[in-house]
Undergrad: 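Okay, here's the structure, questions in a sec.
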Protein chains: 2
Amino acid sequence: MAKPNSSSTAIKLLQSHSLTTLVHREIERRILSGDMAPGDKLNEADVAGELNVSRGPVREAFRALEQAGLVRTEKNRGVFVREISLAEADEIYEVRAGLDELIGRLAAERITAAQVAELRELLKKMQRVARARSVDDYYPLNVRFHALLASCAGNATLESVYGQLVNELHLYRRETLARGADSFPISTREHSEIVDALARRDGDRAARLLYGHAMESRERLHATLERAVAPPPTRTPPLPPQRAPRRNRRPEVPR
Amino acid sequence: MAKPNSSSTAIKLLQSHSLTTLVHREIERRILSGDMAPGDKLNEADVAGELNVSRGPVREAFRALEQAGLVRTEKNRGVFVREISLAEADEIYEVRAGLDELIGRLAAERITAAQVAELRELLKKMQRVARARSVDDYYPLNVRFHALLASCAGNATLESVYGQLVNELHLYRRETLARGADSFPISTREHSEIVDALARRDGDRAARLLYGHAMESRERLHATLERAVAPPPTRTPPLPPQRAPRRNRRPEVPR
DNA sequence: GTGTTGCAGATTGTTGACAATCTACAAACG
DNA sequence: CGTTTGTAGATTGTCAACAATCTGCAACAC
């Protein structure tokens, strides 16, 4: 009765929230927020106990997180927060640069006036924080800026793939404490130029700026790492045998 | 005793192959091979029975497949082979084009002589098949060509992301039977030019060719679809209520 | 003392049973 | 005759117990 097909959003939420989903999100939150460091072990029974569920949903959530690249599983040994090597971070930066380039080209075509305004708003906030040199405040704003940019490309698939890579890079940052790559507000001018190019619908320039911007982050990462090569390697004193396998997504040709 | 640290690969295989993994691969194979069509329902008990395992591993495999974008889950209703709309296929093609461009640029720097030879070998085979106009033989070769190209970029992350998108597009092909997009051997000349550019290490040209190549596939897809707009919509006579939600990967800003 | 072997505890992998929810059909009602 | 309501069956969501495997320590042999 009443409204049969109003599709009340509240209903939809409860409809899709199984325990597995909840557990998945909670663990993801813990990993990305830094509550758990890369290499930490996730004990099924402990997690289940803390969240007051049984081990079934926890195991299901682990499989999803593994596919998302946030944890690594070793049979009969457990799941661990994924550790990202410098080489892997390098790879991810490279892919991200390519996607950023695409984002620039597409966003220039499709961006709306409201989105430009929102970006400029965010830019102002970033410049304030940059002047205050508060690095830890700057990083999340930078992440938000690029996420917003990705959404301006008007391609949900692109946004989703991009977001996954950013998550993995975030993991790397947590692991090495190599704060330099995306944190220092070196790039406020570049950010402004990007938004300007988008506002003028100059896709080629936006694409070029964004690609260069991402590659610079990668360079800064290397610089930071090389500077920190003589001091202790940031943590991990004993470092277990390291029999970690590669990730498991494979192309697989049909037929 | 004997060889304590030979890391015999046979051991490693049994080490990582849990039932969940096996089930995951088997279902993936069934979906990509076309044994199951998009929209088909995957019944937990049935799958468990066919593979002689209990429902636990099956459910875990489902969660991984969902994250990989191959199935869609509706709470209390089941999991279904993902149906990809034209709009989504369009998005994926767009992202794939961007990645192809990146692949061209990177592969030009890193490709080896052996890889060039392998590509040329494959090209010859493709031209033979193209002359014979056997479309169904051409498609898998085309897939292999692009997978090989992706591996030449020397970036495992890129290869993995690219492979996932290709899988999803394959799903679209299965769904619509829109064979035109990647099947017709229109592009043997373009393929040759791409390999030539890579062999000359002309990254800019390879990137441009590959981007254009992917975008052409997208255009062909549209053309094929528009040509088939008056005839019946390729299948799905009743078409259930269609309350499919969006995919569930989300960026999620930390802290 | 050094290295090996064998247990005990803990953790993961798997299973089957139970609870909650949905679908479909049929009976009752207007 | 069409609509609604209730019930039965099937299916998914969750749980707790069992089996297999691993880790660490202690006892033993050399």
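A, B, ... follow the sequence lines: proteins, then strands. Residue 1 opens every chain.
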Undergrad: From CD of B:Glu60 over to C1' of D:dT14, roughly how many Å is that when rounded to an integer?
TA: 14 Å
Undergrad: Taking B:Arg55 for the side chain and B:Ala45 for the main chain, is one N or O donor matched with an acceptor at less than 3.5 Å?
TA: no
Undergrad: Taking atom C1' of D:dC15 as reference, at what distance in whole Å does atom CG of A:Leu51 sit?
TA: 15 Å
Undergrad: Can you see whether A:Thr157 engages A:Ser160 through a side-chain donor-acceptor pair at a distance of less than 3.5 angstrom?
TA: no
Undergrad: Nearest 0.5 Å please: distance from the CG atom of A:Asn155 over to the CD atom of B:Glu88.
TA: 10.5 Å
Undergrad: If I take atom CG in residue A:Asn52 and atom P in nucleotide D:dA16, what distance separates them, rounded to the nearest angstrom?
TA: 11 Å
Undergrad: Taking the side chain as every heavy atom from C-beta outward, state whether A:Glu28 and A:Leu65 have any pair of such atoms under 4.5 Å apart.
TA: yes
Undergrad: Let me have a per-nucleotide readout for nucleotides 8-13 of chain D, 5' to 3', with B, S or -, counting only protein heavy atoms under 4.0 Å.
TA: ---SBB
Undergrad: For A:Phe145, check ring-ring contact (aromatic ring centres under 6.0 Å, His included) against everything at least two apart and list the hits.
TA: A:His191
